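Data block below; observations after.
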Amino acid sequence: VALDKSDLQKPRYVRVNTLKIDTELAVEELRKQYTVQKDNMVPDLLILPPGADLHNHPLVINRNVFLQGKASSMAAVALGPKPGWEVIDACSAPGNKTLHLAALLKGKGNIIACELNKERFMRLKDNVKLAGATNVKAIHGDFLNLDPNDPSYSKVRAILLDPSCSGSGTAFDRLDHLLPSHSSDYKDHVDIQRLRNLAGFQKKVLEHAFSFPAVERIVYSTCSIHQIENEDVVQSVLHLASSHGFHLETSFPQWPRRGLPTFDGSQHLLRTDVVEDKEGFFIALFVRKGVHQPVDY
Ligand code: SAM
């Protein structure tokens with residue numbers, strides 16, 4: 001692929017923490033230094049020019065805004081929890097998506113944020129506190145050990161599943177293989193066994209999510225470009241999903257890039273492209289109808 005480094009320059013995305021600041025106010029502040037546009041798909045997501053260095057900006061330090069990419073900000077919106085819902089964020093640290101969910105709940109309802117790794121759990125707890133999210137209960141433990149029949153989870157309506165993955169779609173370093181100076185074939189370096197192990201885990205957590213009795217929406221997301229962690233994982237659980245009453249739905253229908261055409265229904269899946277969108281991300285949305293009476297919000 002003939003690219004130079006400027007092709008990989010990302011616009012700087014900033015997600016407004018609406019728990020702390022109004023989006024218009026954040027725009028006004030940031031416009032003092034930068035040109036600011038609003039994203040047309042993700043509410044409260046702002047687009048700043050590439051190279052805008054916001055790391056020491058007071059809005060970032062005070063957690064009024066987060067440096068969060070567009071693709072990663074699409075996951076919580078795809079899940080679409082409504083204020084008042086109980087939600088599980090199954091693999092949650094450092095909490096970017098947990099805090100996005102908290103903003104979407106507008107302080108009404110609860111999020112159970114599960115994280116296995118102790119250090120990352122501590123970071124999650126700090127981030128939740130600093131962000132002003134009062135309705136997040138962080139749990140240090142394995143999502144696979146949450147008992148779906150425990151009454152504490154009987155009202156959970158949505159699960160966000162953003163499990164450990166290869167991360168092949170994100171880090172700029174890992175995109176270096178796309179630059180002309182690197183002649184070796186990236187595929188030569190992919191550790192297939194590692195991907196298989198990750199996919200095995202991803203399949204397990206997804207299957208576990210289906211067993212929560214009141215859940216009606218599940219988002220499975222990765223920042224991987226590999227079919228084995230994306231379409232293949234989804235395809236492998238379709239039968240079980242349907243036995244629990246779930247089907248795939250299209251998130252962000254206006255988005256042109258869909259799943260690789262590896263099975264019937266993969267057009268419901270969403271991909272972002274590592275070159276075109278500067279980040280490789282994947283979203284699958286499972287929906288089950290008829291669990292709850294329709295409610296007008
Ligand atoms: N959703 C997070 C965010 O947006 O900030 C990123 C999550 S990261 C891709 C995956 C996380 O899942 C890691 O922090 C990892 O330690 C955690 N994890 C891995 N296995 C887990 C398990 N069985 N139960 C709970 N968390 C797990």
Side-chain angles (χ1 to χ4, degrees), residues 13-15 17 19 42 44-45 60 63 65-79 81 87-105 111-131 133 136-148 150 152-153 156 158-171 174 194-195 197-212 217-226 229-230 233 237 270 272 279-285:
Y13 283 98
V14 161
R15 187 177 64 73
N17 179 8
L19 293 172
V42 179
D44 309 311
L45 187 69
V60 173
R63 307 300 201 273
V65 301
F66 297 105
L67 304 175
Q68 187 176 351
K70 171 162 173 154
S72 132
S73 305
M74 289 161 99
V77 176
L79 188 65
V87 180
I88 291 180
D89 187 353
C91 298
S92 56
N96 294 313
K97 298 181 191 73
T98 314
L99 295 171
H100 196 178
L101 291 169
L104 295 175
L105 289 186
I111 299 167
I112 296 151
C114 188
E115 171 56 46
L116 183 61
N117 178 286
K118 181 73 196 263
E119 269 171 40
R120 290 174 67 88
F121 168 73
M122 299 310 285
R123 254 177 85 197
L124 166 73
K125 279 195 28 166
D126 282 350
N127 285 339
V128 166
K129 199 167 162 199
L130 292 167
V136 175
K137 184 180 169 206
I139 294 180
H140 176 220
D142 188 336
F143 170 63
L144 293 170
N145 288 341
L146 298 194
D147 176 0
D150 182 327
S152 336
Y153 309 124
V156 172
I159 299 182
L160 182 69
L161 208 54
D162 185 41
S164 304
C165 72
S166 60
S168 52
T170 50
R174 294 186 190 130
R194 175 168 172 254
L195 296 184
N197 293 344
L198 284 164
F201 164 70
Q202 291 153 351
K203 180 173 185 237
K204 243 199 259 175
V205 282
L206 197 39
E207 287 175 344
H208 191 57
F210 293 134
S211 58
F212 286 75
R217 295 175 77 83
I218 297 170
V219 157
Y220 169 73
S221 61
T222 74
C223 53
S224 166
I225 57 174
H226 298 297
E229 295 180 273
N230 296 335
V233 167
V237 300
L270 182 153
T272 63
E279 188 177 10
F281 205 81
F282 176 83
I283 293 177
L285 168 65

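We use all heavy atoms of the structure for the numbers below, so side chains are in, but hydrogens, waters and symmetry mates are not. Computed from a predicted structure; not experimentally measured. Counting starts at 1 for both ligands and their atoms, following the listed order.
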- Message: Using side chain to side chain contact (heavy atoms under 4.5 Å, CB included), reason through Lys97 and Ser72 one step at a time and then give a plain yes or no.
- Response: CA-CA 8 Å; Lys97 298 181 191 73; Ser72 132; 4.0 Å; yes
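- Here the side chain of Arg63 pairs no donor or acceptor atom with the backbone of Leu130 at under 3.5 angstrom.
- Nearest protein heavy-atom contact of atom 6 (C) of ligand 1 is Ala93 O, 3.1 Å.
- Selection from Ser73, Ala90, Ala76, Ser224 by nearest heavy atom to atom 25 (C) of ligand 1 gives Ala90.
- When heavy-atom distances to ligand 1 are checked against a 4.0 Å cut-off, Cys223 has no atom that comes that close, whether in backbone or side chain.
- An N or O contact shorter than 3.5 Å links Phe143 to ligand 1 by distance.
- At the top of the distance list for atom 20 (N) of ligand 1, counting protein heavy atoms only, stands Phe201 CZ, 3.3 Å.
- Nearest-heavy-atom check against atom 16 (O) of ligand 1 across Glu119, Arg120, Glu115 picks out Glu115.
- Leu104 approaches Pro81 most closely through the heavy-atom pair CD1-CD, 4.1 Å.
- At the top of the distance list for atom 18 (N) of ligand 1, counting protein heavy atoms only, stands Ser164 OG, 4.0 Å.
- When only non-hydrogen protein atoms are considered, atom 4 (O) of ligand 1 lies nearest to Lys97 NZ, 2.9 Å.
- Close contacts between ligand 1 and Ser92 involve ligand atoms 1 (N), 2 (C), 3 (C), 5 (O) [criterion: under 4.0 Å to a heavy atom].
- By the 4.0 Å heavy-atom criterion, Asp142 is counted among the residues contacting ligand 1.
- Of the protein's non-hydrogen atoms, Cys91 CB, 3.1 Å is the one closest to atom 12 (O) of ligand 1.
- The contact set between ligand 1 and Asn117, taken as ligand atoms under 4.0 Å from a residue heavy atom, comprises 16 (O).
- The aromatic rings of Phe143 and His208 stand perpendicular to each other, their planes meeting at an angle above 60°, with 30° marking the opposite boundary.
- On a distance-only criterion, Pro163 and ligand 1 share no N/O pair closer than 3.5 Å.
- Close contacts of ligand 1 with Gly141, meaning ligand atoms under 4.0 Å from a residue heavy atom, involve 24 (N), 25 (C).
- Of all the listed residues (Leu116, Leu124, Leu101, Thr98), Leu116 holds the heavy atom that lies closest to atom 26 (N) of ligand 1.
- Ala133 and Leu99 get closest at one heavy-atom pair: CB-CD2, 3.8 Å.
- Of the protein's non-hydrogen atoms, Asn96 N, 3.6 Å is the one closest to atom 3 (C) of ligand 1.
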Practice problem: List the steps, then state whether side chain to side chain contact (heavy atoms under 4.5 Å, CB included) holds for Leu206 with Ile218. | Solution: CA-CA 9 Å; Leu206 197 39; Ile218 297 170; 4.1 Å; yes
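- Looking only at heavy atoms of the protein, atom 10 (C) of ligand 1 is closest to Asp162 O, 3.4 Å.
- Taking only nitrogen or oxygen atoms, main chain and side chain alike, Gly95 reaches within less than 3.5 Å of ligand 1.
- Defined by atom type and a distance below 3.5 Å, a donor-acceptor pair is missing between the side-chain atoms of Gln202 and Thr222.
- In Cys165, neither the side chain nor the backbone holds a heavy atom less than 4.0 Å from any atom of ligand 1.
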